[in-house]
Amino acid sequence: MPARLMRGLWQRWRRYKYRFVPWIALNLNHNPRTLRYVPEESKDKVISDEDVLGTLLKVFQALFINDFNKQSDILTMLPETVKSKYHDLLSVQHPRVKLLEYRHQQQSTFKPEEILYKTLGFSVARATSSLISAGKGVFVTRGSVPKGAVVSMYPGTVYQKYEPIFFQSIGNPFIFRCLDGVLIDGNDKGISKVVYRSCSGRDRLGPFKMSDSTWLTSEICNPLAVGQYVNNCSNAHFDVSFL
């Protein structure tokens, strides 16, 4: 029995240690799994930044129109650089009237996953895998995904290289380390959840929230905020490219 228990703990540690910040720091120089060498930044891209931003903007505009009554007020308080991205929605004559008429014709607000499907031709969702002990994953629930498409975002608290993340990394399989050393904690439970909610509350502008915290719940407003449940752990190859 003790041998079986130790074997189980060892296997769990082998899977988890790549997310444990102190272990990562001590093994950066001699473990190829924890650090990739990319000679030129451009060679590490599957699709261009312009295509990624274009896709995200298309989805966010569709979500904005679908929930216009709640979003219109906060948009007026954002910087001009942000508002300019929604220029087409604000510059036409009487945009509020036209959008409200559009909403009236719909009779009801679409769910975020339906907006994603209508905009990109597919929808994704977080769900429990049918494989035994596989946990949760991300599945295409509707439509088909073309090669090179943007399918998700990695939500979470962003930590710079000099910021402490020791306690948050304990038992946390959602610590994602970027090539430049920046860490993203995409855990939606425990201390990670508390930290993100605290930062979200700190950065809010009066009654207006400046960040999306719905990814911490089962009712996600941004249907792309499921990237932390996509697994790309492999020494031999990468089956997912994070941009």
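Computed from heavy atoms alone, side chains included, the values below leave out hydrogens, waters and symmetry copies.
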side-chain contact (heavy atoms from CB on, under 4.5 Å) between Ser152 and Val230, intermediate numbers included: CA-CA 9 Å; Ser152 65; Val230 178; 4.3 Å; yes
Worked check of side-chain contact (heavy atoms from CB on, under 4.5 Å) between Leu120 and Val150: CA-CA 9 Å; Leu120 300 183; Val150 177; 6.0 Å; no
Derivation and outcome, side-chain contact (heavy atoms from CB on, under 4.5 Å), residues Val52 and Ile47: CA-CA 7 Å; Val52 174; Ile47 57 178; 3.7 Å; yes
Trace of the side chain to side chain donor-acceptor pair (under 3.5 Å) decision for Asn172 with Ser192: CA-CA 9 Å; Asn172 185 355; Ser192 300; 3.3 Å; yes
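A 4.5 Å side-chain heavy-atom check between Phe60 and Asn222 finds at least one atom pair inside the cut-off. Counting heavy atoms from C-beta on, the side chains of Ile184 and Tyr159 never come closer than 4.5 Å. Trp215 places none of its side-chain heavy atoms less than 4.5 Å from the side chain of Met153. The side-chain heavy atoms of Val59 and Ile115, taken from C-beta on, include no pair separated by under 4.5 Å. Taking the side chain as every heavy atom from C-beta outward, Ile165 and Thr157 never approach each other to under 4.5 Å. Side-chain contact between Asn187 and Lys193 is absent, with no heavy-atom pair separated by less than 4.5 Å. Side chains of Val151 and Phe122 form a contact here, defined as non-hydrogen atoms less than 4.5 Å apart. At a threshold of 4.5 Å between non-hydrogen side-chain atoms, the residues Leu53 and Leu57 do not count as touching.
A single hydrophobic cluster is not seen to contain both Phe139 and Val124; linkage of ILVMFWY side chains at heavy-atom distances under 4.5 Å, directly or through other members, places them apart. Tyr196 and Phe167 sit in two unconnected hydrophobic clusters of ILVMFWY residues. Membership requires side-chain heavy atoms under 4.5 Å apart, directly or through other members. Linking Ile, Leu, Val, Met, Phe, Trp and Tyr whenever their side-chain heavy atoms come within less than 4.5 Å puts Phe64 and Ile220 in one cluster. Taking hydrophobic clusters as Ile, Leu, Val, Met, Phe, Trp and Tyr residues chained together by side-chain heavy-atom distances below 4.5 Å, Trp10 shares a cluster with Ile170.
The minimum heavy-atom distance between Cys221 and Asp212, with the atom names listed, is CB-OD1, 4.3 Å. Residues Gly171 and Pro173 share a closest heavy-atom pair of O-CD, 3.5 Å. Here the closest heavy-atom approach between residue Asp203 and residue Met210 is recorded as O-CG, 3.1 Å. Among all heavy-atom pairs drawn from Thr217 and Arg126, the shortest one is O-NH2, 3.4 Å. In terms of heavy-atom proximity, Gln228 sits nearest to Gly186 at CG-O, 3.3 Å. Scanning all heavy atoms of the two residues, the minimum distance from Ala149 to Val145 falls at CB-CG1, 3.9 Å.
In this model, a donor atom of one side chain and an acceptor atom of the other lie less than 3.5 Å apart for Ser211 and Ser200.
Taking CG from Leu63 and CZ from Phe110, the interatomic distance works out to 12.5 Å, rounded to the nearest 0.5 Å. For the atom pair Ser213 OG and Arg197 CZ, the distance stands at 5.0 Å (nearest 0.5 Å). Here the CD-NZ distance, from Glu219 to Lys111, works out to 7.5 Å after rounding to the nearest 0.5 Å.
Taking the six-membered ring where the residue is Trp, Phe176 and Tyr154 present tilted rings, their angle falling between 30° and 60°.
In this structure, Lys209 places its NZ atom where only 12 or fewer heavy-atom neighbours from other residues, nucleotides or ligands lie under 6.0 Å away.
Using modelled atom types, no side-chain atom of Asp185 and backbone atom of Gly156 make a donor-acceptor pair closer than 3.5 Å. Between the side chain of Ser198 and the backbone N or O of Val194 there is no donor-acceptor pair closer than 3.5 Å. Without hydrogens or angle criteria, Thr119 side chain to Leu116 main chain gives no donor-acceptor distance under 3.5 Å.
Pairs passing the salt bridge (Lys or Arg N to Asp or Glu O under 4.0 Å) check and including a residue from residues 128-144, sequence neighbours excluded, do not occur.
Take Gln160 and apply the side-chain contact (heavy atoms from CB on, under 4.5 Å) test, not counting sequence neighbours, and it matches Val158, Tyr162, Glu163, Val182.
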